[in-house]
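Input: a single structure, listed below in structure tokens.
Here is how names work: the chains are called A, B, and so on, in the same order as the sequence lines, proteins then strands, and each is numbered from 1.
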Number of protein chains: 2
Amino acid sequence: MESSRRTGAKDSQTRSHLLDAAEQLMLEEGYAAVTSRRVGHKAEISPQLVHYYFGTMDDLFLEVFRRRAEEGFAQFERALEAQPTLRTIWSSLSAGPGSVFNLEFVALANHRKAIRAELASYAERFRTMQLDAITSILAARGPLPDGMTPEVVLVTMAGVAQIIALERALGVSGGHDTTLAFVEQFLDEPGTDGSSA
Amino acid sequence: MESSRRTGAKDSQTRSHLLDAAEQLMLEEGYAAVTSRRVGHKAEISPQLVHYYFGTMDDLFLEVFRRRAEEGFAQFERALEAQPTLRTIWSSLSAGPGSVFNLEFVALANHRKAIRAELASYAERFRTMQLDAITSILAARGPLPDGMTPEVVLVTMAGVAQIIALERALGVSGGHDTTLAFVEQFLDEPGTDGSSA
DNA sequence: GTCTATACTTCGATAGAC
DNA sequence: GTCTATCGAAGTATAGAC
């Protein structure tokens with residue numbers, strides 16, 4: 001017996017369909033296209049059910065984000081356990097639709113504080129997890145050049161992965177090939193300062 | 001004698017005020033907050049004038065972008081002429097509100113093709129200009145490590161600058177200090193492979 | 001050349017029947 | 001748990017008075 005709102009069961013099929021539709025709309029047309037009416041229409045469900053299951057649109061956005069985040073999180077953990085390598089970390093940073101998705105959410109977070117908080121918390125959890133992993137991986141590879149800490153490597157890889165994803169979405173590709181080749185070279189290297197073998 | 005729309009004189013004060021208001025709204029609350037009503041209200045001008053001066057909202061967005069782009073472009077050219085250094089390029093990549101601005105526009109471009117085209121064209125022009133500059137600057141610094149071309153350095157710097165700006169907007173700061181310190185070290189180095197002095 | 005009035009659409013959200 | 005009916009607010013855009 002709580003508030004009458006927000007009752008839709010978590011395992012409802014309808015609920016999942018609404019989340020799917022919202023996610024797809026967001027990916028294809030941006031967050032501004034995610035309206036209760038359009039979500040309902042895409043899911044072939046009456047728009048009012050959006051409010052029945054999620055209350056406000058902000059809550060819908062949060063649920064979409066959480067579902068994705070948990071999924072990405074679990075996926076990264078599995079991949080890391082199977083292959084605890086630099087390449088696994090790089091893959092998690094440059095993986096498919098995730099980057100566009102993140103971008104859309106960051107833009108959304110600009111004026112919705114509840115979403116910003118959730119995003120920030122997730123980003124920090126993810127970063128910490130990646131840092132732990134990369135620290136032990138790099139330790140096994142020998143000493144790093146002066147000033148280049150595991151943190152630096154991680155932030156740099158994340159930045160490179162992101163700008164390439166972003167520019168690709170824009171249709172710009174200048175410098176991507178050579179940069180990706182350099183990343184590959186770094187991933188393969190047994191040592192990090194060029195003094196290989 | 002052309003189409004009756006889009007008549008507002010380019011040098012109109014009213015027009016400038018509308019652009020200012022739109023830009024500010026976009027920076028503060030994201031692109032979704034840039035509506036004809038809100039822009040008009042912020043500029044203390046009737047919302048209908050937005051359509052008189054710009055036709056559609058898309059045209060308004062384009063004008064806002066162009067004004068910023070030209071400004072940033074000219075500024076970069078001046079800075080580079082005064083100080084043709086790596087640091088000047090880094091500054092142009094990490095300069096204040098520009099990054100947030102870009103981010104907002106990229107998100108917007110996701111579902112407005114006219115804006116995507118403009119953004120892509122600008123990004124390419126800017127990248128080419130930066131590449132010319134960084135190539136000659138790095139040439140003077142001596143040979144680069146294996147695989148690290150000027151392009152790679154540029155894309156990497158751009159990525160680092162961007163992810164830091166993005167995370168900062170989100171309130172996340174893990175790893176920024178050490179990464180920025182590393183960038184500083186790289187900017188100051190007379191050589192690039194650690195064999196300084 | 002500038003601004004008012006206004007048409008039309010879509011938005012989020014709620015009430016209540018079934 | 002789902003749907004119909006509906007409210008008030010806000011969105012883009014145009015017509016036409018001044």
| query | Choosing from dA13(C), dG1(C), dC3(D), which nucleotide comes nearest the side chain of Y52(B)? | reply |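 The listed nucleotide nearest to Y52(B)'s side chain is dG1(C).
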
| said: Of the options dA13(C), dT4(D), dC3(C), whose atoms approach the side-chain atoms of H51(A) most closely? | reply: dA13(C)

Qualifying residues under side-chain hydrogen bond (donor to acceptor under 3.5 Å, both in side chains), relative to [X], sequence neighbours excluded:
{"X": "E29(B)", "result": "R38(B)"}
{"X": "Q24(B)", "result": "E28(B)"}
{"X": "D58(A)", "result": "R112(A)"}

Take the protein atom [atom1] of [X] and the nucleotide atom [atom2] of [N], then report the distance between them rounded to whole Å.
{"X": "L49(B)", "N": "dT12(D)", "atom1": "CG", "atom2": "C1'", "value": "15 Å"}
{"X": "F54(B)", "N": "dA13(D)", "atom1": "CZ", "atom2": "P", "value": "13 Å"}
{"X": "Y53(B)", "N": "dA13(D)", "atom1": "OH", "atom2": "C1'", "value": "17 Å"}
{"X": "D59(B)", "N": "dT12(D)", "atom1": "CG", "atom2": "C1'", "value": "13 Å"}
{"X": "D58(A)", "N": "dC11(C)", "atom1": "CG", "atom2": "P", "value": "16 Å"}
{"X": "I45(B)", "N": "dC3(C)", "atom1": "CD1", "atom2": "P", "value": "7 Å"}
{"X": "H41(A)", "N": "dC11(C)", "atom1": "NE2", "atom2": "C1'", "value": "16 Å"}
{"X": "L25(A)", "N": "dC11(C)", "atom1": "CG", "atom2": "C1'", "value": "15 Å"}

| said: Holding to salt bridge (charged side-chain N to carboxylate O under 4.0 Å, His left out), I want the full list of residues that pass it with E184(A), two or more places apart in sequence or in another chain. | reply: R87(A)

| query | Backbone N or O of S173(A) within a donor-acceptor pair of the R127(B) side chain at under 3.5 Å? | reply |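 No; zero donor-acceptor contacts below 3.5 Å.
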
| task | Not counting sequence neighbours, list each pair that qualifies as a side-chain hydrogen bond (donor to acceptor under 3.5 Å, both in side chains) and has a residue in residues 143-152 of chain B. | result |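 Only T178(A)-E151(B) qualify under side-chain hydrogen bond (donor to acceptor under 3.5 Å, both in side chains).
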
| task | Describe, in one word, how the ring planes of Y122(B) and F73(B) are oriented to each other, choosing from parallel (under 30°), tilted (30 to 60°) and perpendicular (over 60°). | result | tilted

| task | Answer yes or no: does a side-chain N or O of S46(A) lie under 4.0 Å from OP1 or OP2 of dT2(D)? | result |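 So the side chain of S46(A) is outside the cut-off, no N or O lying under 4.0 Å from OP1 or OP2 of dT2(D).
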
| task | Answer yes or no: does a side-chain N or O of T14(A) lie under 4.0 Å from OP1 or OP2 of dT2(D)? | result |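 Affirmative; the distance criterion is met.
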
| When you check every protein heavy atom under 4.0 Å of nucleotides 5-10 of chain D, what one-letter string (B, S, -) results, 5' to 3'? | B----S

